[in-house]
Undergrad: 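Quick one: the structure is below, and I'll ask about it shortly.
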Amino acid sequence: MIRILALILTIGGMIALILGVLGIFGNNFTSLSPWALTILGGVFFIAGVSMLKYRKDEPTN
C-alpha cells in the first residue's frame with residue numbers, strides 16, 4: 001500500500017515539476033502559477049522517492 005502511494009507521489013511530482021519548469025521558462029500549459037507547480041512538484045517528488053527508499057511493505061500479522 002505504501003509503495004503504491006509512493007509511486008503515485010513520485011509520478012505526480014515528476015509531472016508537476018515538468019509542467020512548472022516549462023511554465024517558468026516559456027510555455028505555460030496550465031492556468032496555475034508555474035512557481036507553485038514547481039515547488040509542489042519538488043515536494044511531492046522528494047516525498048515519493050524517500051518513501052520508496054526507506055519504507056518497507058510488510059504484511060500485517
Undergrad: Would you tabulate the side-chain donor-acceptor contacts of residues 31-50 under 3.5 Å, counting partners in other chains and residues two or more places apart, or write 'none'?
TA:
unit_1, atom_1, unit_2, atom_2, d
S33, OG, W35, N, 3.4
T38, OG1, G20, O, 3.4
T38, OG1, P34, O, 2.8
S50, OG, I46, O, 3.1
S50, OG, A47, O, 3.0

Undergrad: With sequence neighbours left out, what residues match L7 under side-chain contact (heavy atoms from CB on, under 4.5 Å)?
TA: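 Testing L7 for side-chain contact (heavy atoms from CB on, under 4.5 Å), a comparison that skips the adjacent residues, returns I11.
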Undergrad: To the nearest 0.5 Å, how far apart are CG in L52 and CG in L5?
TA: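 Nearest 0.5 Å value for the CG-CG distance: 9.5 Å.
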Undergrad: What pairs with I18 under side-chain contact (heavy atoms from CB on, under 4.5 Å), at least two apart in sequence or on another chain?
TA: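 I18: side-chain contact (heavy atoms from CB on, under 4.5 Å) contacts with L22.
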Undergrad: Using every non-hydrogen atom in the two residues, find where I2 and M51 come nearest and quote the distance to one decimal.
TA: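 Smallest interatomic distance, heavy atoms only, reads CG2-CE, 3.8 Å.
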